[in-house]
Amino acid sequence: MGSPASSRTIRAAIAREAGKPLAIEAVTLGAPRSNEVLVRVVASGICHTDIVVRDQHLTSPLPAVLGHEGAGVIEAIGENVTHVAPGDHVVMTYAACGLCNTCASGHPAHCENMGPLNFGGGRMDGSSATADSHGREIHDHFFGQSSFAEYAIASERNVVKVPKYVPLKLLGPLGCGIQTGAGAVLKELNVHAGSSFVAFGAGAVGLSAVMAAWVGGATTIIAVDVNQARLDLAMELGATDTVNSRARDAVAEIKRITGQGADFTLECIGRPDVLRQAIDSLGIFGVCGIVGATREGTEVAFNVNDMILPGRRIVGIVQGDFVAQTFIPTLIELYRQGRFPFDRLVPLRRDQPGDGRQRERRHDQTNSQDGPKVRESHE
Ligand SMILES: [Zn+2]
Ligand SMILES: [Zn+2]
């Protein structure tokens with residue numbers, strides 16, 4: 001009971017060619033190895049990073065099973081797995097080695113093995129657990145999970161046990177998009193009581209940041225986007241002001257609202273022009289965090305003296321720089337207390353007519369690319 005099952009035939013969404021739709025195929029998934037777990041996937045978010053990898057703007061080999069915001073139930077465990085058991089509800093998050101200098105110093109999101117573990121297309125030894133109906137290898141272990149499938153193989157290290165009172169279909173995005181926005185605010189930027197914070201982009205990452213800024217006690221919380229419905233939702237989730245940057249100059253508006261510029265800004269979109277605005281909106285000693293990934297090689301110009309004289313800083317942030325094993329349960333407890341209503345983000349992604357065009361296709365030209373959309377699978 002609970003020992004690794006033998007290989008099984010499952011359905012998975014395969015990314016075979018850059019820019020092409022995923023194809024649902026029957027594939028064979030091998031048994032979990034000694035330190036791995038088999039997860040029956042209940043739902044998976046779709047994150048911007050899935051799309052840029054499918055389109056090969058970020059390098060990771062195809063054909064592959066993508067997906068890295070999966071949540072589900074432990075079905076089987078390898079012989080050396082001790083901290084989860086079959087039947088446990090888990091959120092899968094990014095993979096980190098746990099042993100390198102940055103992992104050992106409490107920063108697994110900056111793991112020295114981040115590339116091969118999350119984008120390498122298989123295990124560290126190069127093997128994959130997935131094969132198509134012709135027996136050809138399909139890359140997997142994307143972000144240590146490859147959750148666009150009925151079952152995923154993760155490691156004991158990158159599954160986070162979660163309480164069973166929260167529906168699993170809501171939880172997958174906690175493993176990437178939501179912890180990214182919330183962690184950036186609460187840990188890396190350390191947005192504190194009485195401060196001012198601006199989220200550039202009111203998708204799931206930006207709105208998670210808005211909610212976290214409210215948790216952190218910021219007294220001026222500004223959301224910037226071009227989508228009025230998202231800005232309206234931001235006001236319900238803790239924003240004190242919004243700026244529709246299609247209609248107004250965001251930097252001028254932020255300076256007007258804050259007086260001399262914001263203490264903290266967060267670029268959640270991955271657009272060079274928006275990053276420049278996030279820098280220019282800072283006040284004295286202001287800090288601009290960057291979580292919006294761009295195409296490889298993207299550069300941004302800024303005024304050097306405008307950085308030096310006010311003592312401004314710019315910082316890159318991965319996954320909020322939190323340890324998911326502690327942070328995801330914290331976010332769920334904040335949710336239970338009514339202080340972090342991330343369930344509000346799910347209808348945002350699913351039910352906005354007129355916005356659907358942006359959600360899956362033109363991700364690199366909109367303000368809507370940074371967040372997850374939960375997709376129910378088979379429960
Ligand atoms: Zn590491
Ligand atoms: Zn992601």
Side-chain angles (χ1 to χ4, degrees), residues 13 15 22 35 41 43-55 57-60 64-71 91-120 123-124 141-148 152 154-158 160 171-184 201 203-209 266-270 289-295 316-325 327-328 331 342 345-346 349 359-360 363-364 368-375:
L22 307 183
N35 66 334
V41 179
S44 180
I46 300 173
C47 173
H48 177 49
T49 307
D50 295 308
I51 297 167
V52 297
V53 169
R54 180 200 65 182
D55 295 345
H57 298 150
L58 273 179
T59 306
S60 187
V65 182
L66 304 177
H68 65 285
E69 290 187 345
V91 169
M92 291 179 275
T93 188
Y94 65 92
C97 78
L99 298 169
C100 71
N101 286 336
T102 46
C103 279
S105 61
H107 301 278
H110 294 278
C111 173
E112 293 170 13
N113 297 301
M114 194 71 173
L117 277 172
N118 292 277
F119 297 95
R123 301 181 178 95
M124 287 290 274
H141 283 71
F142 184 65
F143 275 76
Q145 54 183 285
S146 290
S147 59
F148 290 167
S155 80
E156 179 176 36
R157 194 180 295 283
N158 76 317
V160 180
L171 296 183
L174 288 174
C176 182
I178 293 174
Q179 74 177 358
T180 292
V205 174
L207 290 174
S208 299
L266 189 66
E267 206 286 338
C268 307
I269 301 167
I290 308 172
V291 297
T294 65
R295 292 187 184 204
I317 306 170
V318 177
Q319 297 285 341
D321 195 28
F322 255 111
V323 176
Q325 298 287 355
F327 192 47
I328 288 175
L331 292 176
F342 70 90
L345 307 181
V346 177
R349 302 299 296 185
R359 284 181 295 180
E360 291 193 359
H363 50 88
D364 53 352
S368 306
Q369 64 188 10
D370 63 340
K373 177 179 66 171
V374 167
R375 179 190 67 148

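Positions are given from 1 along the sequence. Counting starts at 1 for both ligands and their atoms, in listed order.
The angle subtended at the Zn ion (ligand 1) by SG of Cys103 and SG of Cys111 is 100°, given to the nearest 10°. If you put the vertex on the Zn ion (ligand 2), NE2 of His68 and SG of Cys47 sit 110° apart, to the nearest 10°. Vertex the Zn ion (ligand 1); arms to Cys100 atom SG and Cys97 atom SG; angle 110° (nearest 10°).
Distance check: Ser60 OG to Leu66 CG gives 7.0 Å after rounding to the nearest 0.5 Å.
Each of Thr180, Ile290, Ile317 was checked for a side chain to side chain contact (heavy atoms under 4.5 Å, CB included) with Leu266, and the lone residue meeting it is Ile317.
For a distance bound of 2.8 Å, the N, O or S atoms of His48 include none lying that close to the Zn ion (ligand 2).
Taking the six-membered ring where the residue is Trp, Phe142 and Phe119 present perpendicular rings, their angle passing 60° and hence far from 30°.
Within the 4.5 Å cutoff, side-chain heavy atoms of Met114 are placed close to those of Val318.
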